[in-house]
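Since this is a predicted model, take the numbers as computed values, not measurements.
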Number of protein chains: 2
Amino acid sequence: MTKIYLDNNATTPLAPTVAAKITEALGFWANPSSNNENAKLAASEIAEARRNLAKLFNTRPDSVIFTSGGTESNNWIIHSAISRAKNRISAAKKPHVITSCIEHPSILEPLKVREENGEIDVTYIAINPQTGQISPSTVLLAVRPETCLVTIMLANNETGVIQPIREIFREIRQKSIILHSDVAQGAGKLSIDLADLQADAITVVGHKFYGPRSGALVLGPEFESDLEPMIYGGGQEMGRRSGTENTPMIVGLGEAARIFLADGQQIENHLREIRDYFEQQLKIHLPTAAHLVHFQQSPRLPNTSSVAFFNYSPHSCDLVERAQTFSASTCAACHKNECSPVLIACGLNFATASKTVRFSFGRQTKKSEIDTVIQELVQLCM
Amino acid sequence: MTKIYLDNNATTPLAPTVAAKITEALGFWANPSSNNENAKLAASEIAEARRNLAKLFNTRPDSVIFTSGGTESNNWIIHSAISRAKNRISAAKKPHVITSCIEHPSILEPLKVREENGEIDVTYIAINPQTGQISPSTVLLAVRPETCLVTIMLANNETGVIQPIREIFREIRQKSIILHSDVAQGAGKLSIDLADLQADAITVVGHKFYGPRSGALVLGPEFESDLEPMIYGGGQEMGRRSGTENTPMIVGLGEAARIFLADGQQIENHLREIRDYFEQQLKIHLPTAAHLVHFQQSPRLPNTSSVAFFNYSPHSCDLVERAQTFSASTCAACHKNECSPVLIACGLNFATASKTVRFSFGRQTKKSEIDTVIQELVQLCM
């Protein structure tokens with residue numbers, strides 16, 4: 001029996017039309033920079049994908065830069081902001097970056113390495129334990145003359161809590177600071193408007209929204225600065241990211257964008273309906289004291305429930321491993337003495353964090369499947 | 001009519017079994033780090049691909065690090081060698097890199113940027129105009145105490161000339177210098193043994209040998225140093241290159257490796273036969289003074305002919321554009337006052353370089369197609 005897949009924040013299957021487009025695009029194998037018929041076809045398919053991404057985030061096609069994935073995009077914007085800052089500020093001072101303590105490792109790790117090297121200073125903004133959110137005023141207070149980058153994720157992969165990016169960025173908009181948001185978890189679940197978000201750049205990850213293992217760095221429509229490349233070479237992607245274009249991956253990402261452009265509201269509604277149904281059913285079938293949905297009152301991704309099961313005596317890793325009907329995640333190494341650092345950073349105590357399971361629903365999740373999952377959860381937790 | 005494709009050094013079509021494996025692997029969509037059945041399948045397919053790459057280059061599977069492509073691999077080894085050198089040499093001195101002046105832009109551009117920033121010194125080794133090769137003694141003479149990287153391509157994409165990598169690396173092997181070779185043009189055409197080559201690391205590019213738009217950095221079996229990551233995050237690829245694994249691309253690259261493991265000698269023989277037939281037919285049908293095959297006496301890739309057509313009065317770009325039966329390349333921007341910088345660096349004069357066309361044959365090229373191409377070349381050049 002295949003388990004019901006409730007780990008869509010880790011990765012999603014490919015949408016059938018995405019898989020079909022990728023398979024078709026394996027035939028557009030020419031080098032898009034070459035001068036032959038197949039090359040023109042490849043270039044035109046790439047241009048269409050670029051337009052779809054631009055439309056999805058309400059920006060210009062030439063603001064869409066395809067990358068190998070979110071990890072590259074996040075590393076790149078950090079590299080770029082710091083390189084730019086070094087040209088601007090005096091050598092005696094260090095570039096300064098503001099981020100949150102609940103970012104993805106592809107933000108936290110490159111920052112940590114550079115911080116430990118003595119190359120930069122970093123301020124890690126704390127999370128309000130009542131809301132799971134960052135307060136805009138805290139970010140504003142952290143800004144220094146050397147600040148070159150503010151990078152805050154749109155929505156957290158574990159709690160699903162949506163950060164007030166617009167309010168944060170509106171307050172600190174100024175030419176010398178790049179305002180970046182990793183929207184990996186938001187894209188394909190929420191409508192995201194780059195102008196409205198006031199972001200200079202966002203990180204987009206195909207495989208989080210039924211697209212391929214590739215991504216993009218998408219710039220705001222008014223972002224005029226030069227972006228220092230991290231990967232130099234043949235000058236592809238308007239000189240910003242070299243490397244022969246991965247036509248099938250780009251075409252697949254474009255199709256994932258097109259799907260959400262066409263059906264976004266319906267997708268969001270479905271996810272929310274499933275998630276709300278799950279949380280209602282939990283409430284009906286489990287005693288109030290037996291479980292807690294984290295940050296239920298905060299703005300959240302429509303597909304994510306982060307739930308502590310207090311009556312389940314071992315660690316939540318054990319719960320997830322024992323589950324026969326569903327796959328979900330604990331976002332933590334499976335040791336009894338560990339739990340998710342993100343949940344701790346969001347103010348949960350160890351006991352609660354170590355009993356927490358993340359359910360991330362998908363476009364394909366059905367109510368009947370939720371009934372099955374609830375039934376097993378009740379058995380496991382009673 | 002589809003033109004006969006003689007531009008296989010730019011990119012190759014996917015081998016049918018590579019396309020089939022990629023399409024199949026679109027179904028292994030789970031995150032290989034997750035704990036579910038599909039994830040285990042994805043991880044096992046990736047492990048098989050890694051073993052195939054390791055076998056192809058005679059190294060250990062854990063020495064194979066998948067990347068988004070050759071451009072990333074080349075940028076990464078430069079980043080890594082320089083980062084490592086900064087920890088070793090005094091801050092008053094600059095890390096020093098030795099390369100050749102005919103490398104791919106993904107080597108030359110990142111070096112140029114760092115050289116212009118004042119971060120490093122670079123020695124560009126000149127090419128012997130008699131042979132198209134680098135002399136090992138020239139490289140040895142360029143080594144300094146601050147040298148941290150020697151990076152020389154195995155075979156040039158334009159001339160096809162194979163460099164004496166083994167002889168160069170054998171002379172200068174020492175712990176503080178990373179010996180790297182971009183084997184993008186050699187892989188899938190020649191058998192490459194990392195131990196025999198004496199290389200610490202090689203850059204591998206899938207789409208140059210019937211694989212996908214992805215690549216690898218492959219380390220020598222005895223390379224023990226730490227490799228400084230360029231892309232940090234979730235710690236994939238043994239902590240060396242983060243980012244959720246692109247399962248279909250990796251599986252496709254593994255299949256491309258498997259094909260050459262199975263049929264390498266036959267493939268090499270076929271390419272050489274076609275190339276030699278082409279050059280023989282040229283000799284038969286064009287007057288000796290009307291054409292010149294560059295570096296015909298040097299060790300060359302089995303599939304590449306770089307040929308100047310002296311009787312064709314306009315620029316070779318024009319010849320390639322007018323050709324009705326075949327696609328080939330001039331490797332130069334198509335302006336009358338430009339020609340390939342690589343050919344000039346190899347000692348050709350402007351008049352000869354600007355009349356040169358690169359023919360790069362493929363596994364699918366047939367003798368009857370060569371006859372067609374020769375016929376048109378004779379018409380164009382008489």
Check each atom of Met230(B) against the heavy atoms of chain A and say whether the ones under 4.5 Å are side chain, backbone, both or neither. both
Of the backbone (N, CA, C, O) and the side chain (C-beta and beyond), which part of Asn35(A) lies under 4.5 Å from a heavy atom of chain B, both, or neither? side chain
Which atom pair, heavy atoms only, marks the closest approach of Pro105(A) to Gly234(B)? CB-N, 4.0 Å
Between Thr244(B) and chain A, which part of the residue has a heavy atom less than 4.5 Å away: side chain, backbone, both or neither? both
Is Glu72(A) close to chain B through its backbone or its side chain, or both, or neither, when contacts mean heavy atoms under 4.5 Å? both
Pick from Asn31(A), Thr71(A), Val18(A) with the largest number of heavy-atom pairs that fall under 4.5 Å of chain B: Thr71(A)
Non-hydrogen atoms of chain A under 4.5 Å away: do they reach the side chain of Asp7(B), the backbone, both or neither? side chain
Under 4.5 Å, counting heavy-atom pairs only, tell me which of Gly235(B), Pro212(B), Ala30(B) racks up the most with chain A. Ala30(B)
Under 4.5 Å to a heavy atom of chain A? For Gln236(B) that would be neither
Scored by heavy-atom pairs under 4.5 Å with chain A, the best of Asn36(B), Val113(B), Leu108(B) is Val113(B)
Considering only heavy atoms, which portion of Glu228(A) lies under 4.5 Å from any heavy atom of chain B: side chain, backbone, both, or neither? side chain
Decide whether Arg213(A) and Ser214(B) meet the rule of one side-chain donor and one side-chain acceptor closer than 3.5 Å. no
Give the member of Gly243(A), Pro110(A), Gly69(A) that has the highest number of heavy-atom pairs under 4.5 Å with chain B. Pro110(A)
Please classify the contact of Phe28(B) with chain A as side chain, backbone, both or neither, using a heavy-atom distance under 4.5 Å. neither
Proximal component of Pro32(A), with respect to chain B [non-hydrogen, under 4.5 Å]: side chain
Which residue out of Ile22(B), Thr67(B), Asn87(B), Thr23(B) racks up the most heavy-atom pairs below 4.5 Å with chain A? Thr23(B)
Tell me, side chain or backbone of Ile231(B) under 4.5 Å from chain A's heavy atoms, or both, or neither? both
Can you confirm whether Asn246(B) sits close enough to Met249(A) that some side-chain heavy atom of one is under 4.5 Å from a side-chain heavy atom of the other? yes
By a 4.5 Å heavy-atom criterion (distance strictly below it), what part of His79(B) contacts chain A: side chain, backbone, both, or neither? neither
Looking at Arg88(B), I want to see if its CZ is surrounded by more than 12 non-hydrogen atoms of other residues, nucleotides or ligands under 6.0 Å. yes
Quick one: what part of Ser242(B) sits under 4.5 Å from any heavy atom of chain A, side chain, backbone, both or neither? both
Give me the atom names and distance for the closest heavy-atom approach of Ser68(A) to Arg241(B). OG-NH2, 2.9 Å
Less than 4.5 Å apart, side chain to side chain, heavy atoms only: is that true for Thr12(A) and Trp29(B)? no
